[in-house]
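Here is the structure we will look at, set down as C-alpha cells.
Each ligand, and each atom within it, is numbered from 1 in the order the structure gives. None of the values given here were measured: they were computed from a predicted structure.
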Amino acid sequence: MSEPLVIIGNGMAAAKLCEELATRALGRYAIAVVGAEPQLAYNRVLLSSVLAGDVPASDTFLKPASWWRDRGVTLRYGAAATAVDLAARTVTVADGKTLAFAKLVFATGSRAIRLPVAGAELPGVLTFRDMADVGSIAKAACRGARVVVVGGGLLGIEAAYGLAKAGARVTLIHLMDRLMERQLDARAAAMLKRAVEAKGIEVLLEVATARFIGDGHVEAVELEDGRRIAADMVVVAVGIKPNAEIGAAAGLAVNRGIVVDDQLSTSAADVFAIGECAEHRGVCYGLVEPVNEQANVLAQRLAGHSASYCGSVNATNLKVSGVHVFSAADFLGAAGTESIVFADPGIGSYRKLVIADGRLAGAVLYGDTTDALWYSELIRAGAAIEPFRETLIFGRALAERQVA
Ligand SMILES: Cc1cc2nc3c(=O)[nH]c(=O)nc-3n(C[C@H](O)[C@H](O)[C@H](O)COP(=O)(O)OP(=O)(O)OC[C@H]3O[C@@H](n4cnc5c(N)ncnc54)[C@H](O)[C@@H]3O)c2cc1C
C-alpha cells in the first residue's frame with residue numbers, strides 16, 4: 001500500500017518534488033499537497049514578467065490540473081496547514097480537515113518582509129511575493145499614478161520596471177549606496193542605475209524610510225532626512241522571511257529557517273524541508289536553482305536511494321527588458337582572490353571574473369550575458385581554468401578555441 005506523504009506548501013519546491021517523485025517512485029506514496037494560495041502551483045519567477053505585462057498570468061502554471069490528477073496527487077489548495085502534530089503524525093488544515101502522514105515535507109517558502117515603521121499597514125502599502133500581490137499592484141498601477149518602490153534589490157527593480165512600463169511615475173528608494181549590492185560590484189551597479197533611470201524611474205540611494213503617511217490610504221513616504229515623496233501606492237521589496245513558524249510550533253529545530261542536514265531531514269524523523277523555508281548549513285536560499293536541487297535530492301532519498309545535498313551556487317539574472325545583468329557566487333572577490341575585468345563603457349559592457357586557486361569563484365556580467373550559463377557551470381564544477389585563462393573573459397567560444 002502507498003505510504004501517505006504530505007507536502008505543506010504548493011509552490012515551486014512542492015511542484016518540483018512531485019515531478020521528481022513521479023519519475024522516480026510513482027505509486028510508492030499517496031501524496032497530498034496542502035497549499036495556502038487559491039490556485040495551482042505557478043512559476044513565481046514569472047511574476048515580474050506578469051506585472052510588466054510581458055506574460056499572461058494564465059501562462060505561469062507549472063502543470064495543468066490533469067497532470068496532478070493523472071499522477072494521483074491530491075491537491076488541497078486555498079487552505080493553509082495550521083498545525084502539525086509530530087507524535088500523532090497529523091497535519092491540521094484551515095478547512096478543518098486533518099491529514100495523516102507517514103512522511104512529511106515542509107515546502108512553505110518565504111513571505112515578504114514588511115518594514116517595521118509607522119503606517120506599514122496602511123491600505124496602498126503592498127508587497128510583491130505572490131499572484132494576489134501582482135493583482136493588487138496592477139489594479140492600482142494606472143497611468144500617472146505615483147508609486148514609491150522601497151528596496152533596490154532584484155525584486156524592487158523588477159517591480160519598479162513593471163510599474164513604469166504600465167505608465168506609473170515611479171521612485172525607487174534604496175538604503176544602500178548602490179542597487180543590488182548583494183549581487184553587483186560598484187561599477188556594474190552604477191551602470192544598472194543609469195539603465196533603470198533611462199526607463200523613467202527616479203532612483204534615490206542611501207535613503208531610509210521613516211514612515212508611511214496617509215489618512216485611510218497611503219499618501220506619502222517620509223524619509224529619515226525629512227523629505228516626503230507623494231505616493232498613491234508603495235511597494236515594499238526589502239527582503240524575505242522563511243515561513244518556518246508552523247515547523248517551530250511543532251517542535252522542529254528552527255533558526256532563520258527550518259534546519260535541515262545534507263539529507264534534507266529536519267530534527268524529527270521522517271520530516272523534511274526543502275526550498276526557501278529550509279536552512280541548510282546556515283544558509284536560507286532565495287532562488288529557484290537551490291530549490292530544484294534540493295527537491296531532486298529529496299526525491300532520490302524518498303525513492304530509497306542515497307543522495308546528499310551539499311549547498312548551491314547563488315546565480316541571478318535580472319528580468320528587465322533590455323538590461324542584461326548576471327551575477328554568481330563570489331562577485332566581489334574575497335581576500336586572496338584575483339579579478340579579471342573587461343569594461344567597454346561605449347557599448348555598455350562590463351565583465352568581472354573572480355579567480356581563486358586557479359578556478360572561477362564568481363562573476364558579474366553587465367550588458368552581454370550570453371556566457372552566463374557557461375560561467376555558472378564552471379563555478380559549480382570547480383573546473384581548473386588555467387588551460388583557457390587568457391581568453392576566459394571573452395567567453396566560451398574563444399576559450400574553447402584556445403583549448404582546441
Ligand atoms: C517576483 C519574484 C521574482 C523572482 N525572480 C526570481 C528569479 O529571477 N530567479 C530565481 O532564481 N528566483 C526568483 N524568485 C524566487 C523564487 O520564486 C523562489 O526562490 C521560489 O519560488 C521558492 O520556492 P518555494 O517552493 O520554496 O517557495 P514558494 O514558491 O513561495 O512556495 C511556497 C508556497 O507555500 C505556501 N504556504 C506557506 N505556508 C503555508 C502553510 N502553512 N500551509 C499551506 N501552504 C503554505 C505559500 O503560500 C506558497 O504558495 C523570484 C521571486 C519573486 C517573488
Side-chain angles (χ1 to χ4, degrees), residues 6-18 32-52 55 60 62 75-84 91-95 97 99 104-113 126-134 137 149 151 153-162 180 183 235 237 239-250 257-258 273-280 284-295 298 312-320 325-328 372 376:
V6 174
I7 304 174
I8 306 180
N10 187 25
M12 299 193 73
K16 187 69 183 170
L17 178 62
C18 289
V33 180
V34 183
E37 290 185 74
Q39 67 270 89
L40 291 169
Y42 56 87
N43 186 344
R44 200 170 298 283
V45 170
L46 289 178
L47 288 183
S48 304
S49 307
V50 174
L51 184 63
V55 170
T60 62
L62 291 165
L75 288 180
R76 312 179 68 91
Y77 51 82
T82 51
V84 171
V91 175
T92 306
V93 185
D95 61 11
K97 299 276 186 331
L99 305 176
L104 175 66
V105 179
F106 282 84
T108 47
S110 304
R111 59 181 176 278
I113 293 175
L126 307 171
T127 52
F128 184 32
R129 176 71 197 180
D130 57 28
M131 195 63 89
D133 292 335
V134 172
I137 295 170
V149 176
L154 181 113
L155 249 55
I157 295 170
E158 290 183 358
Y161 165 67
M180 286 181 69
Q183 289 90 14
V235 178
I240 52 174
K241 183 174 172 17
N243 289 319
E245 289 78 2
I246 181 174
I258 300 172
I274 54 170
E276 288 189 356
C277 68
E279 178 178 321
H280 174 261
C284 294
Y285 292 95
L287 295 168
V288 142
E289 199 48 36
V291 168
N292 290 340
E293 289 168 4
Q294 292 173 3
L298 182 56
S312 300
V313 170
N314 273 320
T316 324
N317 280 292
L318 184 71
K319 301 179 295 298
V320 171
V325 181
F326 167 78
S327 159
S376 281

Nearest-0.5 Å distance that lies between atom [atom1] in [X] and atom [atom2] in [Y]:
X: Tyr161; Y: Leu318; atom1: OH; atom2: CG; result: 10.0 Å
X: Met180; Y: Leu154; atom1: CE; atom2: CG; result: 5.0 Å
X: Tyr42; Y: Leu62; atom1: OH; atom2: CG; result: 10.0 Å

Side-chain donor or acceptor of Thr82 paired with backbone N/O of Thr92 under 3.5 Å: yes
Side-chain donor or acceptor of Thr108 paired with backbone N/O of Asn243 under 3.5 Å: yes
I'd like to know if Glu245 and Arg111 make a salt bridge, using a cut-off of under 4.0 Å between side-chain N and carboxylate O. yes
What protein heavy atom is closest to [atom], reported as residue, atom name and distance in Å?
atom: atom 49 (O) of ligand 1; result: Glu37 OE2, 2.6 Å
atom: atom 17 (O) of ligand 1; result: Arg44 CB, 3.3 Å
atom: atom 5 (N) of ligand 1; result: Lys319 NZ, 2.9 Å
atom: atom 53 (C) of ligand 1; result: Arg129 O, 3.5 Å
atom: atom 16 (C) of ligand 1; result: Val288 CG2, 3.8 Å
atom: atom 37 (C) of ligand 1; result: Thr108 O, 3.2 Å
atom: atom 26 (O) of ligand 1; result: Glu276 N, 2.9 Å
atom: atom 21 (O) of ligand 1; result: Met12 SD, 3.4 Å

Numbering the atoms of ligand 1 from 1, which are under 4.0 Å from a heavy atom of [X]?
X: Ser48; result: 1 (C), 3 (C)
X: Ala36; result: 43 (C), 44 (N), 45 (C), 47 (O)
X: Ile8; result: 40 (C), 42 (N), 43 (C)
X: Asn243; result: 37 (C)
X: Gly35; result: 43 (C), 44 (N)
X: Gly275; result: 26 (O)
X: Gly286; result: 15 (C), 19 (O)

I would like to know whether Gln294 and Tyr285 meet side-chain hydrogen bond (donor to acceptor under 3.5 Å, both in side chains); could you show each step before the answer? CA-CA 11 Å; Gln294 292 173 3; Tyr285 292 95; over 6 Å; no
Going by atom types alone, do Glu158 and Ser48 pair a side-chain donor with an acceptor below 3.5 Å? yes
Hydrogens and angles aside, do Ser312 and Glu289 bring a side-chain donor and acceptor to less than 3.5 Å of each other? no
Can you list the steps and then say if Glu276 with Ser110 is a side-chain hydrogen bond (donor to acceptor under 3.5 Å, both in side chains)? CA-CA 6 Å; Glu276 288 189 356; Ser110 304; 2.8 Å; yes
Kindly identify the option in Val50, Leu155, Val34 whose heavy atom sits closest to atom 51 (C) of ligand 1. Leu155
With the side chain counted from C-beta on, respond yes when Val91 and Leu104 share a heavy-atom pair under 4.5 Å apart, and no when they do not. yes
Do Ile246 and Phe106 make a side-chain contact, defined as non-hydrogen atoms from C-beta onward lying under 4.5 Å apart? yes
Just to be sure I read this right, does ligand 1 sit under 4.0 Å from the backbone of [X], its side chain, both, or neither, counting only heavy atoms?
X: Ala107; value: backbone
X: Val45; value: both
X: Val291; value: side chain
X: Asp130; value: neither

